Amino acid sequence: MSSIVQGLTKSLAITVLSEIGDKTFFAAAILAMRYPRRTVLLGCLSALTVMTILSAVVGWAAPNLISRKWSHHITTLLFFAFGILSLKDAIFGDGDEDELAEVEEELNKDLKANNGVKKNDSKVDDDLKKKQRPFLSQFLSPIFLKAFSINFFGEWGDKSQLATIGLAADENPFGVVLGGILGQALCTTAAVIGGKSLASQISEKMVALSGGLLFIVFGIQSFLSPVE
């Protein structure tokens, strides 16, 4: 079992480069423009934290279901696969704004399909602007639930989730959880504070290129590392 620091470092690096420019990143940025930022941030971070812990638990349990040797090999293959796919997206991607436009269109459709909910949310927003709601009550607001559900289901089966499972199977799971949560917190906070203006300035090609190279490096490191 590797050290906590090593698991944290790898998880942090992979999470940041996987989440910047991802659908959940853009969703958080757009939601923060329409609803109170603090509630959106709480909803997004809660969902991503739960997903990170669940993914790490699955990865930690994997060596108990299959041999550590096989889980190590599978993790190595995942790193190489994600690296190649990310490099492919960086080289042959259609454009930097496609992901942002797609997420914004999906959220607009959701708002149009729920006009009554939208009106109620607007009233809630007006009340929130006039006075601050108690901290704990924000966890029961429809805005929190919207941000939570969008991010939770948006992360399900995502590259960062699968990478977290693989890391937890091969690295210290506690360090992987800490690094993943820290990385999610940094990316989501930047998205919520920066909003759409920051999201539109991010070069998805550069992020995909950096992430692809990092996955390849970790794949080589995993391939050369002996199985404990």
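No hydrogens, no waters, no symmetry mates; every other heavy atom, side chains included, goes into these values. Remember, it's a predicted structure, so these values are computed and weren't measured experimentally.
Using cut-offs of 30° and 60° on the angle between ring planes, the pair Phe152 and Trp156 is tilted.
Judged by distance alone, with hydrogens and angles left aside, the side-chain atoms of Asn172 form a donor-acceptor pair with the main-chain N or O of Gly175 at under 3.5 Å. In this structure, the side chain of Thr75 engages the main chain of Gly166 through a donor-acceptor pair within 3.5 Å.
Under the 3.5 Å distance criterion, with hydrogens and angles disregarded, no donor-acceptor pair is assigned to the side chains of Thr49 and Gln184. For the residue pair Lys159/Ser86, the side-chain donor-acceptor check at 3.5 Å is satisfied.
To the nearest 0.5 angstrom, Ser222 atom OG is 12.5 Å from Phe215 atom CZ. Taken to the nearest 0.5 Å, the OG atom of Ser11 stands 12.5 Å off from the CD1 atom of Ile4. Here Thr164 contributes atom OG1 and Ile14 contributes atom CD1; the two are 7.5 Å apart, rounded to the nearest 0.5 Å. Atom CD1 of Ile181 and atom CE of Met51 lie 13.0 Å apart (nearest 0.5 Å). Going from atom CG of Leu209 over to atom CG of Leu17 covers 10.5 Å, rounded to the nearest 0.5 Å. Rounding to the nearest 0.5 Å gives a distance of 12.0 Å between CG of Leu42 and CZ of Phe148.
For the pair Lys23 and Phe26, the minimum side-chain heavy-atom distance is 4.5 Å or more. In this structure, Glu19 and Glu155 have side chains that are in contact, with non-hydrogen atoms separated by less than 4.5 Å. Between Pro36 and Ile143 there is a side-chain heavy-atom pair separated by less than 4.5 Å. Here the side chains of Leu178 and Phe174 are in contact, with some heavy-atom distance below 4.5 Å. By the 4.5 Å heavy-atom criterion applied to side chains, Thr188 and Cys44 are counted as neighbours. Side chains of His73 and Phe223 form no contact here, defined as non-hydrogen atoms less than 4.5 Å apart.
Linking Ile, Leu, Val, Met, Phe, Trp and Tyr residues whenever their side-chain heavy atoms come within less than 4.5 Å leaves Leu85 and Leu167 in two separate clusters. Under a hydrophobic clustering in which Ile, Leu, Val, Met, Phe, Trp and Tyr are joined whenever their side-chain heavy atoms come within less than 4.5 Å, directly or via other members, Leu41 and Tyr35 fall into the same cluster. Both Phe144 and Phe153 are part of a single hydrophobic cluster, where members link through side-chain heavy atoms under 4.5 Å apart. Linking Ile, Leu, Val, Met, Phe, Trp and Tyr whenever their side-chain heavy atoms come within less than 4.5 Å leaves Val50 and Leu48 in two separate clusters. Phe25 and Leu182 fall within a single hydrophobic cluster, where Ile, Leu, Val, Met, Phe, Trp and Tyr are joined by side-chain heavy atoms under 4.5 Å apart, directly or via other members.
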Apply the test side chain to side chain contact (heavy atoms under 4.5 Å, CB included) to residues Phe82 and Ser18: give CA-CA distance (whole Å), side-chain angles for both, the deciding distance (0.1 Å), then the verdict.
CA-CA 10 Å; Phe82 290 154; Ser18 296; over 6 Å; no

